[in-house]
Amino acid sequence: MSPHVTVSLPDGSTRELDETATVLDLAKAIGPRLAKAALAGVVNGREVDLSHPLATGDQVAVVTETSAEGREILRHSTAHLMAQAVTRLWPGARYAIGPVISDGFYYDFELPDDQRFSEADLERIEAEMRAIVAEDQPFVREEHSVAEGLALFGDQPFKQEIITSVGADATEVDAAPEEVGGAVVVSTYRNSEAFIDLCRGPHVPSTGRLGHFKLMRVAGAYWRGDEKRPQLQRIYGTAFESKAELEAHLFRLEEAERRDHRKLGAELDLFSFPEEIGSGLAVFHPRGGTIRRLMEEYSRSRHLEGGYQFVNTPHITKGDLFQTSGHLQWFADGMFPPMELDGGTQYYLKPMNCPFHVLIFKSRQRSYRELPLRFFEFGSVYRYELSGAVHGLTRVRGMTQDDAHIFCTREQMVGELHRTVAFILDLLRAFGLTDFYLELSTKPEGKAVGTDEEWSEATAALSEVAAEAGIDVVLDPGGGAFYGPKISVQAKDAIGRTHQMSTVQLDFQTPQRFEAEYVGADNARHRPIMIHRALFGSVERFMAVLIEHYAGALPTWLHPEQVAILPVRDDHADYAHEVAALLMSKGVRVVVEGASEPLGARIRKAKMDKLPYVLVVGDDDVANQTVGINARGAADPMRGVAVEDFATRLLEEIATRSLEQFEVR
RNA sequence: GCCUGGGUAGCUCAGUCGGUAGAGCAACGCACUCGUAAUGCGUAGGUCAGGGGUUCGAAUCCCCUCUCAGGCUCCA
């Protein structure tokens, strides 16, 4: 054996090291700064600890704390740190899994004697974690056989279950057992005599490398996500490589809270959820109602241009309709229970519009010459959402979908799908959402109608369209509706969160179940394909996303109150109303606030309502037919702008549905 | 639906050991008439989410229901 090992680095270069060299030794050989920032390594594509020994021929990369991988290692190690703190504070606590999630980590616990974590406990746990950081305990990797592993975790039933389930579920997030050369190896990390955890690794070398963390909240979670299994207590936390990064993250969370549509909806007097009506059922106040109307009017005009025909259907129906459609078989849990009328006939509130649109299609004989037929409706639907699922405007029990169903031939199908995706993206962009990716949801196993052939043809058609849309596509296996696969458009908002917006679903089943037909050029009967699609998804959810995207400061064309006019004194009120009348005659939404309060207070109110333009009119303005403009977001107000100038630029901004306000100089 | 934590005036919140309800903002009224993010004074507003229980006495302790938040599950 040679006294040296030779390894290669990501840049293609090679290094010679002592034969006992580890990843850390390699980092030291490259440079002291790298050694200091190093957390782990990647050897031949596999993440390993810094203490991992190197062999000749290894491809090695050093993972530093500022990389995405480094952050994950930091967070995963912090999860272990938290578990140890919990077991110190609650002797006999059982710990289950503690994986890394997108913005941090969690760990699931079961405390002895049915004890519960409280929010106040989080601080105690954090303090204990800091103590363990100060102790600078090493993370020591050990490898065991399955039998040894089971013995080691004799009092930890969740860990034992993970160990025994190896092979059956080797992808378990936090599972340690791995098949190495045919034998199952159970790897563990020991921090101290008292604390050892099952883990694949890698980890930071010692707890002293951790420290910039915060425990966020405690919540319940079912063991293995199965509601029939015990519910554990989950503690969520986050960790970063530096205090500054941690604080920046916490600031982003506060920013999200500031933008919360539920908070802004109340503050801006847009909508409310009166308890008298029921959970998940919103009422829209005049301002919120105006926003809805503007959204709907624009949508209608686009749909007219897009070749859609407008239809209307009722909110309730006899149960037979949903028997035929399959909803009662597959979607009954999501429906309100029936009401019995007319001597026993069951009527249901509708959870979806599709069966109604099929009946319109079937109302007379259809020719291939008519296809594609595109039926559009703002259709209100009612779904019995679980009480714990209801959330602001984004998850409600009564909502209005901008719903359409396209009936077309098999030959037209792919073309219609392309056209629909382009139509959707164009409309979303008009509302200022520009950063998208597509999600392709496939057959939900065990909860679907139709043959495998139909599903695979539909899925193939959708994936072809998704791939050609020119934006990223991610797969969502099993996420389709019971009648067909779907593409959903996920849009990123101003602070980088993604929201599911539009969906396009391909459906071979509903036309069959309803025996919908058209007469082809061959004078024979054929079955149409149905495409379900909604762009807003629901008007309510879309409004919520817009409110959060714009933090309540909607673009002028969408704002319920576009201009406020404030007379400096009461004797300027006539002029203020004159300017208001001029703007209102052009369709501008204007409010005038008389001088019953000081000017500063009135400006402040208009600003807090996020009005795009606040106009102040005083002596000079009355004399010169001008206004003072205090624009939203502008550093300084502008005095003496001719009314005509302001009106022209404002009307231009509104007519083009500009997302930006014009510059006031 | 399940877990944890909440629900006191329109909003944000205080309310000690169980002794009978409080502030700021908002609203309303009056005065003020002001040039770019809070004028002053006053008035009104609450079956303390609802119901039941314990107690001489409950916002406060116990039980049930409703509802909200954060999760789990689910989803437009």
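So that the names make sense, note that chain A is the first sequence line, chain B the second, and so on, each numbered from 1. Note: hydrogens, waters and symmetry copies are ignored here, and every other heavy atom, side chains too, is used.
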Would you tell me whether [X] and [Y] have side-chain atoms, one donor and one acceptor, within less than 3.5 Å of each other?
X        : Y        : answer
A:Arg602 : A:Ser596 : no
A:His357 : A:Glu377 : yes
A:Thr459 : A:Thr442 : no
A:Ser299 : A:Asp402 : no

Can you identify which nucleotide, out of [options], has its nearest atom closest to the [X] side chain?
X        : options             : value
A:Arg639 : B:U33, B:U36, B:A76 : B:U36
A:Val396 : B:A76, B:G35, B:G71 : B:A76
A:Val568 : B:U67, B:G35, B:C75 : B:G35
A:Val616 : B:C75, B:A37, B:G35 : B:G35
A:Glu385 : B:A76, B:U36, B:G71 : B:A76
A:Arg541 : B:G1, B:A76, B:A38  : B:A76
A:Lys607 : B:U36, B:A37, B:C34 : B:A37

Would you classify [X] as touching base, sugar-phosphate or nothing, given that sugar-phosphate means primed atoms plus P, OP1 and OP2, and contacts are heavy atoms under 4.0 Å?
X        : result
A:Phe273 : nothing
A:Ser502 : nothing
A:Val381 : nothing
A:Gly600 : sugar-phosphate
A:Arg217 : sugar-phosphate
A:Glu267 : nothing
A:Glu540 : nothing
A:Ala601 : sugar-phosphate
A:Asp333 : nothing

Rounded to whole angstroms, how far apart are [atom1] on [X] and [atom2] on [N]?
X        : N     : atom1 : atom2 : result
A:Leu566 : B:C34 : CG    : C1'   : 12 Å
A:Leu386 : B:C74 : CG    : C1'   : 6 Å
A:Tyr106 : B:C3  : OH    : P     : 19 Å
A:His572 : B:U33 : NE2   : C1'   : 9 Å
A:Glu276 : B:C66 : CD    : P     : 16 Å
A:Ile235 : B:C3  : CD1   : C1'   : 13 Å
A:Asp260 : B:A69 : CG    : P     : 9 Å
A:Asn630 : B:A37 : CG    : C1'   : 8 Å

**Heavy-atom check, side chain of A:Tyr382 versus side chain of A:Tyr348, under 4.5 Å** =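 No, their side chains stay 4.5 Å or more apart.
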
For [N], give the paired nucleotide (Watson-Crick: N1-N3 plus N6-O4 or O6-N4; G-U: N1-O2 and O6-N3; both under 3.5 Å), or none.
N     : result
B:C2  : B:G71
B:A31 : B:U39
B:C25 : B:G10
B:G57 : none

[atom1] spacing across the pair [N] / [M], given as an integer number of angstrom:
N     : M     : atom1 : value
B:G51 : B:A37 : C1'   : 47 Å
B:G10 : B:C63 : P     : 29 Å
B:U47 : B:G29 : C1'   : 28 Å
B:U65 : B:C72 : P     : 24 Å
B:A9  : B:U43 : C1'   : 14 Å
B:G40 : B:U33 : P     : 15 Å
B:U12 : B:G7  : C1'   : 14 Å
B:G57 : B:C17 : C1'   : 15 Å

Donor-acceptor pair under 3.5 Å, [X] side chain vs [N] base:
X        : N     : value
A:Asp619 : B:G35 : no
A:Arg395 : B:C74 : yes
A:Glu257 : B:A69 : no

Is there a side-chain contact between [X] and the phosphate of [N], meaning an N or O under 4.0 Å from OP1 or OP2?
X        : N     : value
A:Lys263 : B:C11 : no
A:Lys605 : B:A27 : yes
A:Arg262 : B:G70 : yes
A:His391 : B:C74 : no
A:Ser279 : B:C68 : yes
A:Arg569 : B:C34 : yes
A:Thr503 : B:A76 : no

**Message:** Strictly distance-based, threshold 3.5 Å: is any side-chain N or O of A:His261 a donor or acceptor partner for the main-chain N or O of A:Leu393?
**Reply:**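 Indeed, once roles are kept as given, a pair shorter than 3.5 Å links the two residues.
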
**Request:** Would you kindly compare A:Asp571 and A:Met399 by the position of their nearest RNA chain B nucleotide and give the one closer to the 5′ end?
**Result:** A:Asp571

**Fill in**
By nearest-nucleotide position on RNA chain B, the 5'-leaning member of A:Gly388 and A:Ser488 is A:Gly388

**Message:** Would you say the rings of A:Phe431 and A:His549 are close, in the sense that their centroids are separated by under 6.0 Å?
**Reply:** no

**Message:** Is the ring pair A:His327/A:Tyr483 parallel, tilted or perpendicular, if the boundaries are 30 and 60 degrees?
**Reply:**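 Because their plane-to-plane angle lies in the 30° to 60° range, the rings of A:His327 and A:Tyr483 count as tilted.
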
**Request:** State whether the number of non-hydrogen atoms from other residues, nucleotides or ligands found under 6.0 Å of A:Lys610 atom NZ is greater than 12.
**Result:** yes

**Prompt:** What is the distance from atom CE of A:Met543 to atom CZ of A:Arg292, rounded to the nearest 0.5 Å?
**Reply:**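 Reported value, rounded in 0.5 Å steps: 6.0 Å.
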
